[in-house]
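First up is the structure itself, then whatever we jot down about it.
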Amino acid sequence: MFALSDADLHLRILGCADGPASFNAESTRRGTEVISTDPLYRFDAGTIRDRIAATYDQMLEQTRQNRQQFVWDAIPSVEELGRIRMQAMQEFLDDYDLGKRQGRYVDAELPSLAFPDNSFDLALCSHFLFLYAEHLSEAFHRSAILESCRVAREVRIFPLLALDGRTSRYVARMLHDLSDAWEVSLETVPYEFQRGGNQMMRIRPLERNYS
């Protein structure tokens with residue numbers, strides 16, 4: 001979903017709002033340096049496991065009710081989606097305690113991250129910014145993106161859709177607001193599960209900002 005190249009996987013990567021995902025575990029096994037942040041990480045593995053179990057059936061039912069909003073090619077059914085997601089969450093849980101001790105899972109959340117400037121080469125934010133346009137304000141989006149740009153040399157956000165399946169109203173506003181200081185582009189990626197959700201926003205400093 002972020003069009004990561006082999007070269008990208010040799011960078012220092014920050015995951016924002018990662019939740020119970022397997023990206024950190026998988027990347028660490030490959031030798032990639034990744035730190036994931038989420039307020040979920042203030043809890044222990046048992047508590048997170050219980051929260052996953054409590055919301056799993058609801059997640060599947062919501063997907064069934066809105067199945068027309070998704071592309072069922074690589075994933076052929078709601079049941080298969082559930083199996084894949086549970087497998088990924090189990091991989092996260094298996095890695096969680098070790099990752100916490102190693103400092104790979106950090107209790108932190110946008111728009112305030114306790115990392116020095118340019119701590120990372122690449123910051124990734126999946127299914128958080130833009131998606132929850134009805135719950136997170138325009139000011140929150142602006143602050144969160146600027147904070148991500150502070151701690152990382154490049155930021156990628158996916159997808160650009162809100163929960164209703166339409167392009168988030170904040171996408172155009174962020175393009176306008178950031179364009180004076182940042183190179184902002186919308187790029188198609190080789191991944192689409194939420195129908196129409198195959199674009200990411202890439203934010204990099206303008207060349208003059210490198211000096």
Side-chain angles (χ1 to χ4, degrees), residues 1-49 51-52 56 59 74-75 80-111 113-131 144-145 147-160 185 187-194 197-205:
M1 64 185 67
F2 291 109
L4 294 172
S5 65
D6 288 339
D8 290 334
L9 294 174
H10 288 87
L11 301 176
R12 299 165 299 162
I13 297 177
L14 173 68
C16 299
D18 272 1
S22 61
F23 176 70
N24 194 305
E26 294 174 8
S27 299
T28 299
R29 284 199 302 270
R30 295 183 53 158
T32 302
E33 183 181 345
V34 180
I35 290 181
S36 296
T37 59
D38 198 289
L40 181 70
Y41 305 151
R42 69 191 57 171
F43 302 107
D44 61 29
T47 301
I48 296 174
R49 188 186 306 273
R51 292 179 66 165
I52 291 171
Y56 177 75
M59 180 271 292
I75 302 173
E80 180 65 7
L81 172 67
R83 186 194 67 79
I84 291 171
R85 288 193 174 175
M86 187 58 75
Q87 181 178 351
M89 288 186 284
Q90 186 58 55
E91 190 167 355
F92 158 80
L93 289 168
D94 291 343
D95 180 62
Y96 183 66
D97 286 336
L98 174 61
K100 285 274 283 189
R101 292 195 297 271
Q102 294 176 339
R104 292 188 285 110
Y105 296 107
V106 177
D107 172 15
E109 60 185 308
L110 292 170
L113 300 173
F115 299 111
D117 294 357
N118 297 319
S119 295
F120 303 92
D121 301 303
L122 181 59
L124 307 175
C125 186
S126 166
H127 294 90
F128 178 59
L129 294 176
F130 298 137
L131 190 67
I145 291 174
E147 179 72 346
S148 301
C149 290
R150 181 187 68 79
V151 301
R153 301 288 286 181
E154 179 178 330
V155 176
R156 301 181 195 179
I157 303 169
F158 177 93
L160 306 183
S185 58
E187 302 181 13
T188 300
V189 300
Y191 174 87
E192 182 182 6
F193 181 57
Q194 189 179 8
N198 62 344
Q199 285 192 311
M200 69 174 178
M201 178 178 286
R202 186 197 295 254
I203 308 165
R204 292 172 285 191

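Remark: the backbone N or O of Y41 is not paired with any side-chain donor or acceptor of D38 at under 3.5 angstrom. A donor-acceptor contact shorter than 3.5 Å links the side chain of S148 to the backbone of A144.
Contact record, F130 with I145: CZ-CD1, 4.3 Å, taken as the closest heavy-atom pair. In this structure, A3 and P190 approach most closely via the heavy-atom pair CB-CD, 4.4 Å. Of all heavy-atom pairs spanning V34 and S27, the tightest one is CG2-CB, 3.7 Å. Nearest heavy-atom pair across I203 and C149 is CG2-SG, 3.6 Å. Taking all atoms of both residues into account, the shortest heavy-atom contact from M201 to L160 is N-CD2, 3.6 Å. Taking each heavy atom of T32 and L9 in turn, the nearest pair found is OG1-O, 2.7 Å.
Between Y96 and Y105, the ring planes are tilted. Angles from 30° to 60° get that label.
With rounding to the nearest 0.5 Å, the separation of CD in Q194 from CZ in F158 is 8.0 Å. Here CD of Q90 is found 8.0 Å from CD1 of I52. Values are rounded to the nearest 0.5 Å. We find the CD1-CE distance between I48 and M89 to be 11.5 Å, quoted to the nearest 0.5 Å. Note that CD1 of I13 and CD of E154 are 10.0 Å apart. Values are rounded to the nearest 0.5 Å. Taken from CG in L124 to SG in C16, the straight-line distance is 8.0 Å, to the nearest 0.5 Å. Residue R202 holds its CZ atom at 11.5 Å from CZ of F2, rounded to the nearest 0.5 Å.
Ion pairing between a basic and an acidic side chain is recognised when a charged N comes within 4.0 Å of a carboxylate O; R85 and E80 show no such pairing.
Between the side chains of D8 and S5, a donor-acceptor pair is found at a separation under 3.5 Å. With 3.5 Å as the limit, one finds a donor-acceptor pair spanning the side chains of N24 and S36.
Residues R156 and L122 form a side-chain contact, since some pair of their non-hydrogen atoms from C-beta on lies under 4.5 Å apart. In this structure the side chain of E33 never reaches within 4.5 angstrom of the side chain of H10, judged on heavy atoms. For the pair M1/S126, a side-chain contact is recorded, criterion being any heavy-atom separation below 4.5 Å from C-beta on.
Tested against D95 for a salt bridge (Lys or Arg N to Asp or Glu O under 4.0 Å), the candidates R104, R101, R29, K100 yield a single pass: R104.
For the salt bridge (Lys or Arg N to Asp or Glu O under 4.0 Å) test, no residue two or more places apart in sequence or in another chain qualifies with D97. When the ring pair (Phe, Tyr, Trp, His ring centres under 6.0 Å) test is applied to F23, no partner is found at least two apart in sequence or on another chain.
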Determine, step by step, whether R153 and D121 satisfy the salt bridge (charged side-chain N to carboxylate O under 4.0 Å, His left out) criterion, reporting the C-alpha distance in whole Å, the side-chain angles of both residues, the deciding distance to 0.1 Å, and the verdict.
-> CA-CA 5 Å; R153 301 288 286 181; D121 301 303; over 6 Å; no
